[in-house]
Number of protein chains: 2
Amino acid sequence: MANRKTLSGGSAAFHGTRHAHARCVGRALGRAEELCRQRGARLTYMRRRVLELIWDSHKAVKAYDLLDRLSDSEKSVRPPTVYRALEFLMVHGLVHRVDSLNAFVGCSGSDEQHNAQFLICQECGEVSEMDGAMIGQAVARQAAEAGFNVRRQMVELHGECPGCAAK
Amino acid sequence: MANRKTLSGGSAAFHGTRHAHARCVGRALGRAEELCRQRGARLTYMRRRVLELIWDSHKAVKAYDLLDRLSDSEKSVRPPTVYRALEFLMVHGLVHRVDSLNAFVGCSGSDEQHNAQFLICQECGEVSEMDGAMIGQAVARQAAEAGFNVRRQMVELHGECPGCAAK
DNA sequence: CTGGAAATGTTACTTTATAACAATGCATTT
DNA sequence: AAATGCATTGTTATAAAGTAACATTTCCAG
Ligand SMILES: [Zn+2]
Ligand SMILES: [Zn+2]
Ligand SMILES: [Zn+2]
Ligand SMILES: [Zn+2]
């Protein structure tokens, strides 16, 4: 009842609890590996670990939650470590920061440079990335009307995902 | 060569340094006064003071900058005071929070409930609010395609304002 | 003038993020 | 293999942003 497959001009999918999430993770890590190899960037243990933790769910994750989850009883990981990994992952387009939540989410886009918009469910917390061409165009056009030169667009929509709407 | 007057579906204006800013402030305070009277809300000294400080420029202002500016050598104002004033002003639609900057900007919109988008100049820091109908519609449509029910939309565009683009 | 709610003051703390420098790891050259 | 050099991570400390809880004051209605 929830997801369509592919949508004109962009797609956004909510996954809910029951889905083959191992595939999502696999895809993300595979892409990271591939992309880093292409660019000669190093997907180190720490960076991969952070990426895995982020992909533990489709929700946005707080930096300090990552911090806690990375710290076992032996060793405690410090903020800069996490933030540096996040920085790396963001630079390479593997992770996005959701500004309205102060949190991070795995990039589910395929191509390199994309105008991502985020649908954020206020109920279940799931975040879905969508590449809405229409939105991008509308944004570009209206900004142009104001003589404004858009470099980076941030679109974060809070509301109810299909699953939670059908509660 | 910067501003047009009124634009189809919405407007956004950048002011630059030379303009009759007293009018902007006057308009904003007038509107606040009027609106609070209508609603029986109290525009207290502190709230008005914070609103004035925010309207000191068309840039987004950080809460702790307000804090500093409110604290004279005698008395130091504390965070809760500022955040409470900001809370009040936001609830009444007199001020917006710019999430991507952790900062606040005076609302230059006229009507009560509006879908505001923000154009943020990376050079001069000026922020312009725009009520882009096209963007709003595009957002609504594409979200609907994904079965998503939008409650709040956050659209913040970073780039170059007309003035700074013509540097 | 007085009782009570709204607003502000105050203290202390949480959350989020970064600066600066030290130690370590890893690859390439010698 | 040893030496070199840069990228990565560790460590300490602190900055920046925001909130909880309770005390005090203000202000208005009765
Ligand atoms: Zn999944
Ligand atoms: Zn949901
Ligand atoms: Zn002005
Ligand atoms: Zn500018």
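Reckoned from all heavy atoms, side chains included, excluding hydrogens, waters and symmetry mates. Worth saying up front: this structure is predicted, and the values here are computed from it rather than measured. Just so we're on the same page: letters track the sequence lines, and every chain starts at 1.
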Report task. List for me each residue that meets side chain to side chain donor-acceptor pair (under 3.5 Å) alongside B:E34, sequence neighbours excluded, and say none if there are none. Result ->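 With neighbours one apart ignored, the set is B:R37, B:Q38.
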Query raised in the report: Got a sec, which residues hit side chain to side chain donor-acceptor pair (under 3.5 Å) with A:S100, two or more places apart in sequence or on another chain?
Result: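 For A:S100 the side chain to side chain donor-acceptor pair (under 3.5 Å) partners, ignoring immediate neighbours, are A:E156, A:H158.
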Distance check needed: [N] [atom2] versus [X] [atom1], whole Å only.
{"X": "A:L43", "N": "C:dG25", "atom1": "CG", "atom2": "P", "result": "19 Å"}
{"X": "A:M90", "N": "C:dT16", "atom1": "CE", "atom2": "C1'", "result": "13 Å"}
{"X": "B:L67", "N": "D:dA15", "atom1": "CG", "atom2": "C1'", "result": "14 Å"}
{"X": "A:E87", "N": "D:dA7", "atom1": "CD", "atom2": "P", "result": "15 Å"}
{"X": "A:H92", "N": "D:dA7", "atom1": "NE2", "atom2": "P", "result": "12 Å"}
{"X": "A:R78", "N": "C:dT15", "atom1": "CZ", "atom2": "P", "result": "17 Å"}

Report task. Could you list by number each residue of residues 45-55 of chain B showing a heavy-atom separation from DNA chain C of less than 4.0 Å, or answer none if no residue does? Result ->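 Going residue by residue through residues 45-55 of chain B, the ones with a heavy atom under 4.0 Å of DNA chain C turn out to be B:M46, B:R47.
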Query - Members sharing A:Y45's hydrophobic cluster (side chains within less than 4.5 Å) - result: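 In the cluster with A:Y45 there is nothing else; it is isolated.
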Query raised in the report: For D:dA7, does OP1 or OP2 lie under 4.0 Å from any side-chain N or O of A:T44?
Result: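 No.
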Query raised in the report: So, is B:T81 close to the C:dG9 phosphate, meaning a side-chain N or O under 4.0 Å from OP1 or OP2?
Result: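 Yes.
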Only distances under 3.5 Å count here; give the side-chain donor-acceptor pairs of residues 133-140 of chain A to other protein atoms, sequence neighbours excluded, each with its distance to 0.1 Å.
none

Only pairs under 3.5 Å count here: list side-chain donor-acceptor contacts from residues 61-69 of chain A, not counting sequence neighbours, and write none if there are none.
from	atom 1	to	atom 2	distance (Å)
A:K62	NZ	A:L101	O	2.9
A:R69	NH1	A:D56	OD2	3.2

Query raised in the report: For atom CZ of B:R152, is the number of surrounding heavy atoms from other residues, nucleotides or ligands below 6.0 Å larger than 12?
Result: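 Yes - once you tally the heavy atoms of other residues, nucleotides and ligands closer than 6.0 Å, there are more than 12.
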Query raised in the report: Within a strict 4.5 Å, meaning less than it, do heavy atoms of the A:M130 and B:F148 side chains meet?
Result: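 Counting from C-beta outward, A:M130 and B:F148 never come under 4.5 Å.
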In a table with atom names and distances, give each donor-acceptor pair under 3.5 Å that connects a side chain of residues 21-29 of chain A to protein atoms at least two apart or in another chain.
from	atom 1	to	atom 2	distance (Å)
A:H21	ND1	A:H19	NE2	3.2
A:H21	ND1	A:H58	NE2	3.1
A:H21	NE2	A:W55	O	2.6

Query raised in the report: Can you name the side chain to side chain contact (heavy atoms under 4.5 Å, CB included) partners of B:E87, sequence neighbours left out?
Result: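 Per chain and number, B:E87 pairs via side chain to side chain contact (heavy atoms under 4.5 Å, CB included) with B:V91.
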Query raised in the report: Once each nucleotide of nucleotides 16-30 of chain D is scored for protein heavy atoms under 4.0 Å, what B/S/- sequence comes out, 5' to 3'?
Result: -BBBBB-----S---
